[in-house]
Trainee: 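Just passing along the structure, written as structure tokens.
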Protein chains: 2
Amino acid sequence: MSRRPPATVAVTVDLVVLTIRDGGLRVLLIERGNEPFRGEPALPGGFLRPEEDLDAAAARELEEETGLRGLHLEQIGAYGAPDRDPRQRIVTVAYLAIMPDLPEPLAGSDASGAAWTPAAEALDGRIRLAFDHADILADAVELARTKLEQTTLATVFCPAEFTIAELRGVYETVWNTDRIDPRNFHRKVLGAEGFVEATGERRALETGRPASLYRRAGEVRGLYPPMLRP
Amino acid sequence: MSRRPPATVAVTVDLVVLTIRDGGLRVLLIERGNEPFRGEPALPGGFLRPEEDLDAAAARELEEETGLRGLHLEQIGAYGAPDRDPRQRIVTVAYLAIMPDLPEPLAGSDASGAAWTPAAEALDGRIRLAFDHADILADAVELARTKLEQTTLATVFCPAEFTIAELRGVYETVWNTDRIDPRNFHRKVLGAEGFVEATGERRALETGRPASLYRRAGEVRGLYPPMLRP
DNA sequence: AAAATAGTGTCTATAAGACAATATTCT
DNA sequence: AGAATATTGTCTTATAGACACTATTTT
């Protein structure tokens, strides 16, 4: 192996925290307190600590931002363009986190101005993100879309108990697609092994027949047959 | 954001280079020349250079090891357990590279004793790899198996021109599966858009009707309908 | 009753998998 | 001719998607 002095690199962990609020996909953004990009929106994140695994760093950052532990978290990938941070060489490992839309404001956030921002506005450039965070967000959303097809990930957007119609809403929102046929969707979800299980309860909305409530059946896992994207 | 001294981290890029030789999936391993794990097999890799993107570092390492450019290369993920290297804190970004089985020995390898090793022996522990490289290899093989289902990746295991039977052999080898029905496979490959295109040539083996030759149709892309794993 | 949503049943088109049959080569 | 592999065709079964219909609630 050729021997050259290794680059002096700092490693950070950045988070793409997604939820669905007001019928739209939203991403948790902070307002940067320091240069560069001071005052501009960015993904939350921070430096990897000396004795910390990458996954642990992502879980710690997530708890610092949201006050919540045990949320779904998976690695997106590493980003290391040499000029992605103008101060110094930084390689970041990005993680995707997904949570239900909780009514309480996010507790414990140490960032100035964390806010749920419509993902579409950051993806199409109406909101300009710092660094290469728009690229990371785009990869994250694409990953979420694919995982919705092939795993039971959609359930982690939902609260502990949810209706099939709410689960269908997750697919429609994340895929940004027209109305999925409620009847075929219903039959397919209940027919898939290990997706949801009935609680026995029902929930009455304003009008119409009350819907049965379901909960996530165990951990997020592969889905067979997959939910095909239209 | 909390301000703590960032960890002093070195970033490396490691490669999982796969090919199919003698009917088996093989991975390119080097024999380590330095401590730790001196003399033991490991994935090839090296330090990220100061002005280099991660993808560029992977391509450079791949060329140093194989003498080849333009091979298929994609990121697997980042690995950063604090004790994964006993000397210092190292975060590595792993890449999957796939190449056809070339008859020439690998040129330009600057490692002592690069060798094509059966992947199964490293996966089941008959061969013990340095660091966490067995984990990385396992993730790489799983990624390759999934990409075979959903993309035209199988063609990059093949030389420029190949028969449908050879392509089928790639699936059987990487999936480590029983014989795939040659007739259904044949029909499905030719029916998929943008998978292979006929060269017009034929190739005669020792016996049997000569098979038509095909080449990869463009770049690796998504496959619809996917090739379902048995 | 009317409106609205939940849930079931039925039909059609598509694709997967099993496998028969034909085609083309070598020995 | 016989053996071997390639290629095409046919049949059965499973699933996606369209959509009619029934069920249960509120107004």
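Order of the sequence lines sets the chain letters (A, B, ...), proteins ahead of strands, with each chain counted from 1.
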Trainee: Answer yes if the side chains of A:Asp101 and A:Thr19 hold a donor-acceptor pair under 3.5 Å, and no otherwise.
Mentor: no
Trainee: Between N or O atoms, less than 3.5 Å apart, protein on one side and nucleotides 5-9 of chain D on the other: list the pairs.
Mentor:
unit_1, atom_1, unit_2, atom_2, d
D:dT5, O2, B:Arg209, N, 3.2
D:dA6, N3, B:Arg209, NH1, 3.4
D:dT7, OP1, B:Ser212, N, 2.9
D:dT7, OP1, B:Ser212, OG, 3.0
D:dT7, OP2, B:His186, NE2, 3.0
D:dT7, O5', B:His186, NE2, 3.4

Trainee: I would like to know whether B:Arg145 and B:Glu149 meet salt bridge (Lys or Arg N to Asp or Glu O under 4.0 Å); could you show each step before the answer?
Mentor: CA-CA 7 Å; B:Arg145 286 178 172 155; B:Glu149 281 192 273; over 6 Å; no
Trainee: Under a 3.5 Å threshold, yes or no: a donor from one side chain and an acceptor from the other, between B:Asp55 and B:Tyr95?
Mentor: yes
Trainee: Any side-chain N or O of A:Lys188 less than 4.0 Å from the OP1 or OP2 oxygen of D:dT15?
Mentor: no
Trainee: Write out all pairs satisfying side chain to side chain donor-acceptor pair (under 3.5 Å) with one or both partners inside residues 214-224 of chain B, taking only residues at least two apart or from two chains.
Mentor: B:Glu197-B:Arg215
Trainee: Quick one, which residues of residues 220-229 of chain B touch DNA chain C with a heavy atom under 4.0 Å?
Mentor: B:Pro225, B:Pro226
Trainee: Just by distance, no angles: are the side chains of B:Glu121 and B:Thr117 close enough, under 3.5 Å, to form a donor-acceptor pair?
Mentor: no
Trainee: Take B:Thr92 and B:Arg84, measure what side chain to side chain contact (heavy atoms under 4.5 Å, CB included) needs, and give me the verdict at the end.
Mentor: CA-CA 10 Å; B:Thr92 195; B:Arg84 61 179 298 280; 3.3 Å; yes
Trainee: Who passes salt bridge (Lys or Arg N to Asp or Glu O under 4.0 Å) against B:Asp139, sequence neighbours left out?
Mentor: none
Trainee: Verify the neighbour count for atom NZ of A:Lys188: are there more than 12 heavy atoms of other residues, nucleotides or ligands below 6.0 Å?
Mentor: yes
Trainee: Of all nucleotides in DNA chain C with an atom under 4.0 Å from a non-hydrogen atom of chain B, which is the first and which the last going 5' to 3'?
Mentor: C:dA16 to C:dC26
Trainee: Quick one: list whatever passes salt bridge (Lys or Arg N to Asp or Glu O under 4.0 Å) with B:Arg168, sequence neighbours left out.
Mentor: B:Glu172
